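To start, the structure itself, in structure tokens.
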Amino acid sequence: MTLRQLLQKTRRVDRAFFGRPAAEVARELLGQYLIHQFDGCELAAKIVETEAYLGSGDPAAHSARGLTERTRVLFGPPGHAYVYLIYGMHECLNLVTDRAGQAGCVLLRALEPVCGIEEMQRRRDKAKRLHDLASGPGKLTRAMGITRAHYGVEVTRGPLRVRLTKAPEVFEIQTATRIGISTSQELPLRFFVKGNAHVSVR
DNA sequence: CCGCGGATCTTCT
DNA sequence: GAAGATCCGCGGA
């Protein structure tokens, strides 16, 4: 599919979409699209796995230990990107949710490539199969060309943005516990499209 | 298919 | 100074 075609079957998202509780936004982001246009590249993918990190009562959230230089954007208005480096080599993309000051966010954990698949394969030379391209939080940022340079950018408009589908698909949402955390492991805050091959962990 | 360990560096203690 | 919202390759079953 071309980006032109994808833009026709989707519409702009407003800031109010993100200005709600993180778990609610995390569920509704499934089946929506992430687009990145830059350097002549037109990349787009469907969101198939997310995790919610709550602004309060969630020790696993980066915002739990207060406002620091790194978490500054989490405490600002919703609809912005929070990108950080993990394990010294991978970058993770989160979208800020809730009201300003609440510091909730949604981590994007897996995407299904839609536009610019060859370019994504070039960026992810280690990936052998299509469903390895963006099936993880570090993989998807690499595939989509997202880095810490995108820290704080608006995702309701601009070169890196979310688009909502005009014709929602019917699929089952599976709920699970979050991956890779050492506290609050029991909270059911991970969501993914049931049966989708691009999900990171089944 | 599964488990294990190394890579690599920013952030916070 | 240690941990961390990960990924990949290796070895064995």
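Remember, it's a predicted structure, so these values are computed and weren't measured experimentally. Computed over heavy atoms, backbone and side chain alike; hydrogens, waters and symmetry mates excluded. A note on names: the letters A, B, ... follow the listed sequences, proteins ahead of strands, and every chain is numbered from 1.
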- Evaluate the side-chain contact (heavy atoms from CB on, under 4.5 Å) criterion for residues A:S200 and A:K139: first the C-alpha distance (whole Å), next the side-chain angles of each, then the deciding distance (0.1 Å), finally the verdict. CA-CA 10 Å; A:S200 67; A:K139 297 177 189 177; over 6 Å; no
- Item | Integer-rounded Å distance: C:dT6 C1' and A:L93 CG | 15 Å
- Side-chain ion pair, A:R157 and A:E154, N-O less than 4.0 Å: no
- Message: Minimum heavy-atom separation for A:T165 and A:T10, please, with both atom names.
- Response: CA-CG2, 4.0 Å
- Query: Which of these nucleotides, B:dT11, B:dA7, C:dT6, is closest to any side-chain atom of A:M89?
  - Reply: B:dA7
- Nearest-Å distance for atom pair CZ/P, residues A:R190 and C:dT6: 11 Å
- How about A:V25 and A:L95: do any of their side-chain heavy atoms sit closer than 4.5 Å? no
- Message: Given C:dC8, C:dA5, C:dT6, identify the nucleotide with an atom nearest to the side chain of A:K139.
- Response: C:dC8
- Query: Should C:dA5 form a Watson-Crick or G-U wobble pair with both distances under 3.5 Å, which nucleotide is its partner?
  - Reply: none
- Rounded to whole angstroms, how far apart are CD on A:E91 and P on B:dA7? 20 Å
- Calculate the interatomic distance between A:L85 atom CG and B:dT11 atom C1'; express it in whole Å. 10 Å
- Note on the structure: Here the pair of heavy atoms bringing A:A45 nearest to A:L111 is CB-CB, 3.7 Å
- Task: Give a yes-or-no answer on whether the side chains of A:Q37 and A:R161 include a donor-acceptor pair shorter than 3.5 Å.
- Result: yes
- Task: May I ask you to evaluate whether A:S182 reaches the phosphate of C:dG4, defined as a side-chain N or O under 4.0 Å from OP1 or OP2?
- Result: yes
- Near DNA chain B, which residues from residues 96-126 of chain A have a heavy atom under 4.0 Å away? none
